[in-house]
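Written below as structure tokens is the structure these notes are about.
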Protein chains: 2
Amino acid sequence: MNQLKEALETLKDTGVRITPQRHAILEYLINSMSHPTADEIYKALEGKFPNMSVATVYNNLRVFREVGLVKELTFGDASSRFDFVTSEHYHVICEHCGKIVDFHYPGLDEVEHLAAHVTGFKVDTHRLEIYGTCPDCAGKEVH
Amino acid sequence: MNQLKEALETLKDTGVRITPQRHAILEYLINSMSHPTADEIYKALEGKFPNMSVATVYNNLRVFREVGLVKELTFGDASSRFDFVTSEHYHVICEHCGKIVDFHYPGLDEVEHLAAHVTGFKVDTHRLEIYGTCPDCAGKEVH
DNA sequence: TAAACTAATTATAACAATTATAATCTAATA
DNA sequence: TATTAGATTATAATTGTTATAATTAGTTTA
Ligand SMILES: [Mn+2]
Ligand SMILES: [Mn+2]
Ligand SMILES: [Zn+2]
Ligand SMILES: [Zn+2]
């Protein structure tokens, strides 16, 4: 039920120390309900941790990724965004404002199987994103 | 039939000058049959063009992208890879050696439609990649 | 053809995201 | 308490890419 509590449990179980900075980063990720960049997290917490280094944010996001608490969404030039892991889902992304919306859809097992069959790869996973224009941006375009 | 010839036609039609550097970059993209980075192209051509700037490679890859001759494949940290546009296809990527293999599959119209319906987005396109282990790397792992 | 204009290339500097390094601090353990 | 390992901080370095300004090449106009 309490996502933060569970996340802290996961850290404890994997022998990762729970520092105030880690607690705050996790809390922010969960509460923001969005897909923040490392820098956004850094800036959001600088009131509470005026001396925190940006390296700490990156280091801890990597730790969280390694224990499976967050997923990193990477893009070409722009900075990575981080998603607190709940259930599997895809993302729909606005090409104009960059908004990212969660989108649930059954996994594409058939595509994975065909890819494995055709290429001889041992398939692990896949990445799918939908790109378009969000309702807000579509509204602005009209007039 | 001749991909290079067609590509040069496209450039001519869109009023883009055909310089020796552009000719060579296009030729390399078509003949390499792979997905090279800007730097790989730069290094491959430095014998023929010892004074070519890496900026020229980037500039021209952007030009080619804008007129629809190449697609840019972007990844998180790593550098972009460029794919001479032929028919629509997806990519299967080896997580160990980075190999990229073309993979043909009918478009995922159904996913796009559902995404549009659920999120209210005007959907343009999507991105799908399959990740796993290529046969070469799988072989090495075994012993 | 000569002059004027525009596009492309080059060399180099700047940028931005991320990672590495070394010093310091904190917490756990013996 | 002393020792050790882990975490954080401050800062430097790295890397892919883009911006800038000067130069060169090609095209258009007079
Ligand atoms: Mn998400
Ligand atoms: Mn391809
Ligand atoms: Zn938008
Ligand atoms: Zn491989």
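Values below: every heavy atom of this structure, side chains too, minus hydrogens, waters and symmetry copies. The sequence lines fix the lettering, A, B, ..., with proteins before strands; numbering per chain opens at 1.
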(Q) Testing the 3.5 Å rule here: is there a donor-acceptor pair between the side chains of A:His89 and A:Asp83? (A) yes
Q.
Counting the atoms with a prime plus P, OP1 and OP2 as sugar-phosphate, which does B:Thr37 contact under 4.0 Å by heavy atoms, base, sugar-phosphate, or nothing?
A. nothing
**Q.** Residue that, paired with A:Tyr90, satisfies side-chain hydrogen bond (donor to acceptor under 3.5 Å, both in side chains) out of A:His126, A:Glu129, A:Arg127
**A.** A:His126
Q) Any Lys/Arg nitrogen of B:Lys71 or B:Glu88 sitting under 4.0 Å from an Asp/Glu carboxylate oxygen of the other? A) yes
Q.
Using whole Å, what does the distance between atom P of nucleotide D:dT24 and atom CZ of B:Phe49 come to?
A. 18 Å
Q. What is the distance from CZ of B:Arg22 to P of D:dT24, rounded to the nearest Å?
A. 19 Å
Q: Show which residues join A:Leu73 in its hydrophobic cluster (side-chain heavy-atom contacts under 4.5 Å, direct or indirect), or state none.
A: A:Phe75, A:Ile93, A:Ile100, A:Tyr131
Q: Can you tell me the distance, in whole Å, between the CD1 atom of A:Ile25 and the C1' atom of D:dA7?
A: 12 Å
Q) Relative to the 5' end of DNA chain D, which residue comes earlier, B:Glu72 or B:Asn59, by the nucleotide with the nearest heavy atom? A) B:Glu72
Q.
Under a 3.5 Å distance rule, please check whether B:His113 uses its side chain to pair with a backbone N or O of B:Asp109 as donor and acceptor.
A. yes
Q. What is the nucleic acid contact for A:Ala55, judged by heavy atoms within less than 4.0 Å: base, sugar-phosphate only, or nothing?
A. base
(Q) Going 5' to 3' along DNA chain C, between which two nucleotides do contacts with chain B fall, using a heavy-atom cut-off of 4.0 Å? (A) C:dT6 to C:dA11
Q. Counting any heavy atom closer than 4.0 Å, what does B:Asn60 reach on the DNA or RNA strands: base, sugar-phosphate only, or nothing?
A. sugar-phosphate
Q: Measure the distance from OH on A:Tyr42 to P on D:dT8 and round it to the nearest whole Å.
A: 14 Å
Q. In terms of the angle between their ring planes, are B:His91 and B:His35 parallel, tilted or perpendicular, with boundaries placed at 30° and 60°?
A. perpendicular
Q: Salt-bridge test for B:Glu27 and B:Arg22: reply yes if a basic N is under 4.0 Å from a carboxylate O, no otherwise.
A: no
Q: For B:Ser53 and for A:Val54, locate the closest nucleotide of DNA chain C by heavy-atom distance; then report the residue assigned to the nucleotide nearer the 5' terminus.
A: B:Ser53
(Q) Please determine whether a side-chain nitrogen or oxygen atom of B:Tyr58 lies at a distance below 4.0 Å from atom OP1 or OP2 of D:dT17. (A) yes
**Q.** Donor-acceptor contact present, side-chain A:Asn2 to main-chain A:Lys5, <3.5 Å
**A.** yes
Q.
Check this for me: does any side-chain nitrogen of one of A:Glu72 and A:Arg81 sit under 4.0 Å from a carboxylate oxygen of the other?
A. no
Q: Would you indicate what A:Ser79 reaches in the nucleic acid, counting non-hydrogen atoms under 4.0 angstrom: base, sugar-phosphate, or nothing?
A: sugar-phosphate
Set out, line by line, the N/O atom pairs under 3.5 Å between protein and nucleotides 25-27 of chain D.
none

(Q) Distance check needed: D:dA7 P versus A:Phe64 CZ, whole Å only. (A) 11 Å
